[in-house]
*Asks:* 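The following block contains the structure, expressed as structure tokens.
Order of the sequence lines fixes the chain letters, A, B, ..., with proteins taken first and strands second; residue numbering starts at 1 for each chain. Computed from a predicted model, the values in this text were never measured in an experiment.
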Number of protein chains: 2
Amino acid sequence: MPRGHKKAATREETEQTRITILRTAEQLFMEYGYRAVSTRQIADACGLTQPALYHHFADKQDLYVEVLKENIAQTQAALERIVRRNETLQERLQIVVRYLFKSTQYDHALMMHDIQHELEPQTRLMLHELFHRGLISPIASVFEQGLHDGQLKAPQQGGMDAISASYLLMSMLSRFLVQSPPVYGAQVSANGQEAAAALTGNAFFTDVGRAEAIVQILLHGLAVK
Amino acid sequence: MPRGHKKAATREETEQTRITILRTAEQLFMEYGYRAVSTRQIADACGLTQPALYHHFADKQDLYVEVLKENIAQTQAALERIVRRNETLQERLQIVVRYLFKSTQYDHALMMHDIQHELEPQTRLMLHELFHRGLISPIASVFEQGLHDGQLKAPQQGGMDAISASYLLMSMLSRFLVQSPPVYGAQVSANGQEAAAALTGNAFFTDVGRAEAIVQILLHGLAVK
DNA sequence: CCTACCGATCGGTAGG
DNA sequence: CCTACCGATCGGTAGG
């Protein structure tokens, strides 16, 4: 049954608008946090009025939950691909870390804080499980395999179970770890990343260098053997 | 010149009120974040009206900055004491981590996010330097010593400079790492910590166990040698 | 998807 | 340190 006589939005246009809102909201929520982002900010950035958002999402929390669902689903798909590759344990972990650095310029700790403190209890539980299944479990499967292979130490030998190792790896990706070098003293002159890399004598301040350093230390530690 | 004729607050009472406000605000800000805590919440928790806060602090940001200053100063004092002890590198790091776990039930990543996004640029810079001098530098001095001793790998040998290692250690303390085990499946029955510890076969889910595990892995890694 | 508008809450001020 | 109150902004709704 055709009905394009006025200028009502087609189903496709509506879907496009929904996607625009989701992507815009994702960027804002992930950078500033749930509470700090207003529905008007999101609407403005999409070129809409604020009430228009409520045509696509029931309320602010619903929009946030949809953002997280899409974000986690996408990350999960990528991680499961990486995890099944035929490469060494160390190489797969480095690819995982590089992916997480590249895909998310934000801090998972902020996301977890919002889930814990800004949402209703039942939503909180659901997202926690989603996070666990989507991000933690795929990474844990890599560690699990290393434990079975005998490449990784068991908990009793100074190692760690696979789930805990996955959470630990995630926490090592926290942005505040290194986002800090604007000025400590006053001796940093020009480009922050390169200057810092030169000062410290390694490539820790580039994304790839950071990914390699983190995995290197998680596996082999800082101590001389 | 005496003047106690009415019932004006003495200087001592005023100071006590200020301390009460600071401690109350610290708990709230550190748990929920700067923006999520209203000045009325703080005042209520202190048994005051909201405008009364403005007798002790210029505005909300000023109160937050004072909270951070006191918090960092106290942590700095404790860390500098620990760092000068006559114990092994590993023992000192474990004491540092245990102290940070015990003293701050919150997440430094949240604090850094608030500093980055909720404050004026000049305040942000000042607090960043305070954080660096108060928390990072003391910890870095431990790593620095280990590097000089030859106990720790240099950056060129798969190690890390002292400052980067300190940020990495701080990020490994992130609460979201492990605060998560409410329910994943439904098989966790009674006490979360103990049940999880039993399941995983180590003491990672107690504070002391976590501190030891983190330092163990930071120094020696997860891989079998 | 818009205009118009709601009650609630925010940080902060006036004045005593 | 209180009462009373301000303008701004919040999430969300009515009605078309």
Side-chain angles (χ1 to χ4, degrees), chain A residues 3-26 28-29 31-68 114 117-120 123, chain B residues 3-26 28-29 31-68 114 117-120 123:
Chain A
R3 49 183 154 149
H5 41 80
K6 271 290 171 74
K7 58 170 189 176
T10 66
R11 192 171 303 172
E12 193 175 340
E13 285 166 346
T14 299
E15 179 58 20
Q16 269 306 318
T17 303
R18 186 188 147 92
I19 291 173
T20 300
I21 295 171
L22 278 172
R23 293 204 178 140
T24 305
E26 180 183 20
L28 290 168
F29 281 140
E31 177 163 2
Y32 301 107
Y34 179 73
R35 210 185 189 93
V37 176
S38 74
T39 52
R40 278 169 180 83
Q41 268 177 65
I42 297 168
D44 285 351
C46 296
L48 300 172
T49 59
Q50 182 250 8
L53 296 184
Y54 292 81
H55 177 67
H56 301 273
F57 302 94
D59 53 26
K60 187 184 180 185
Q61 174 171 309
D62 178 49
L63 171 55
Y64 185 64
V65 168
E66 290 304 311
V67 163
L68 291 189
D114 284 340
H117 290 98
E118 305 283 357
L119 306 181
E120 291 168 3
T123 309
Chain B
R3 49 184 156 147
H5 42 78
K6 271 289 171 72
K7 59 170 189 176
T10 65
R11 192 171 302 172
E12 194 175 338
E13 285 166 347
T14 300
E15 179 59 19
Q16 268 307 316
T17 302
R18 187 188 147 91
I19 291 173
T20 300
I21 295 170
L22 278 172
R23 295 204 177 139
T24 305
E26 181 183 18
L28 290 168
F29 280 141
E31 179 163 2
Y32 301 107
Y34 179 72
R35 209 183 189 96
V37 175
S38 74
T39 52
R40 279 172 179 81
Q41 269 178 64
I42 297 168
D44 285 350
C46 297
L48 300 172
T49 60
Q50 181 249 8
L53 295 184
Y54 292 81
H55 177 66
H56 300 274
F57 302 93
D59 54 27
K60 187 184 181 184
Q61 174 171 306
D62 178 49
L63 170 56
Y64 185 64
V65 168
E66 291 304 311
V67 163
L68 291 189
D114 284 341
H117 290 98
E118 305 284 358
L119 307 182
E120 291 168 3
T123 308

*Asks:* I'd like a list of close polar pairs between nucleotides 12-16 of chain C and the protein, N/O only, cut-off under 3.5 Å.
*Replies:*
from	atom 1	to	atom 2	distance (Å)
dG12(C)	OP2	Y54(B)	OH	2.8
dG12(C)	OP2	K60(B)	N	2.8
dG12(C)	N7	Q50(B)	OE1	3.3
dG12(C)	N7	Q50(B)	NE2	2.8
dG12(C)	O6	R40(B)	NH2	3.4
dG12(C)	O6	Q50(B)	OE1	3.1

*Asks:* Would you please test H117(A) and R35(A) for side-chain contact (heavy atoms from CB on, under 4.5 Å) and show each step?
*Replies:* CA-CA 10 Å; H117(A) 290 98; R35(A) 210 185 189 93; over 6 Å; no
*Asks:* Taking the side chain as every heavy atom from C-beta outward, state whether E66(A) and R18(A) have any atom pair closer than 4.5 Å.
*Replies:*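 SC-SC contact between E66(A) and R18(A) confirmed.
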*Asks:* Would you be so kind as to tabulate the donor-acceptor pairs closer than 3.5 Å made by side chains of residues 19-26 of chain A, with sequence neighbours excluded?
*Replies:*
from	atom 1	to	atom 2	distance (Å)
T20(A)	OG1	Q16(A)	O	3.0
T24(A)	OG1	T20(A)	O	2.8
E26(A)	OE2	N71(A)	ND2	2.7

*Asks:* D62(A) CG to dG11(D) P: how many Å, rounded?
*Replies:* 14 Å
*Asks:* For a quick check of understanding: with a heavy-atom distance under 4.0 Å over all strands, which category does S38(B) fall into, base, sugar-phosphate or nothing?
*Replies:* sugar-phosphate
*Asks:* Please figure out whether Q41(A) or H56(B) has its closest DNA chain D nucleotide nearer the 5' end.
*Replies:*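 It is H56(B) whose nearest nucleotide is closer to the 5' end.
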*Asks:* Name all stems that contain residues of DNA chain D, defined as runs of 3 or more consecutive Watson-Crick or G-U wobble pairs, both distances under 3.5 Å.
*Replies:* C:1-16 with D:1-16
*Asks:* Enumerate the residues from residues 17-24 of chain A whose closest heavy atom to DNA chain D is under 4.0 Å, giving them by residue number; use none for an empty result.
*Replies:*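 Close to the strand, none.
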*Asks:* Rounded to the nearest Å, what distance is computed from the CG atom of residue D44(A) to the C1' atom of nucleotide dC1(C)?
*Replies:* 15 Å
*Asks:* Quick one: does L48(B)'s side chain get under 4.5 Å of I42(B)'s, heavy atoms only?
*Replies:*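 Side chain of L48(B) against side chain of I42(B), heavy atoms only: no contact under 4.5 Å found.
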*Asks:* Begin from the C-alpha positions of T39(A) and L63(A) and carry the test side-chain contact (heavy atoms from CB on, under 4.5 Å) through to its verdict.
*Replies:* CA-CA 10 Å; T39(A) 52; L63(A) 171 55; 5.9 Å; no
*Asks:* Rounding to a whole Å, what distance do you find between I42(A):CD1 and dC1(C):C1'?
*Replies:* 17 Å
*Asks:* Under 4.5 Å between any side-chain heavy atoms of E118(B) and Q61(B), yes or no?
*Replies:*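 Of all side-chain heavy-atom pairs linking Q61(B) with E118(B), none is under 4.5 Å.
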*Asks:* Main chain of S38(A), side chain of K60(A): is a donor-acceptor contact present, judged purely on distance under 3.5 Å?
*Replies:*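 A pair under 3.5 Å: no.
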*Asks:* Take atom OH of Y34(A) and atom C1' of dG11(D), then tell me their distance rounded to the nearest Å.
*Replies:*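 That distance rounds to 9 Å.
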*Asks:* To the nearest angstrom, how far is H55(A) atom NE2 from dT3(C) atom P?
*Replies:*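 Checked: the NE2 to P distance equals 16 Å.
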*Asks:* Output every pair passing ring pair (Phe, Tyr, Trp, His ring centres under 6.0 Å) with a member in residues 45-67 of chain A, not counting sequence neighbours, ordered by first then second residue.
*Replies:* F29(A)-Y64(A), Y34(A)-Y64(A)
*Asks:* Round to a whole Å and report the spacing from CG of L48(A) to P of dT3(C).
*Replies:* 11 Å
*Asks:* So E120(A) and T123(A), side-chain contact (heavy atoms from CB on, under 4.5 Å) or not? Walk me through it.
*Replies:* CA-CA 5 Å; E120(A) 291 168 3; T123(A) 309; 4.1 Å; yes
*Asks:* Using the test side-chain contact (heavy atoms from CB on, under 4.5 Å), find all partners of A58(A) that sit at least two apart in sequence or belong to another chain.
*Replies:*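 side-chain contact (heavy atoms from CB on, under 4.5 Å) check on A58(A) returns D62(A).
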*Asks:* Enter the distance from L119(A):CG to L68(A):CG here, rounded to the nearest 0.5 Å.
*Replies:*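 Going from CG on L119(A) over to CG on L68(A), the span is 7.5 Å.
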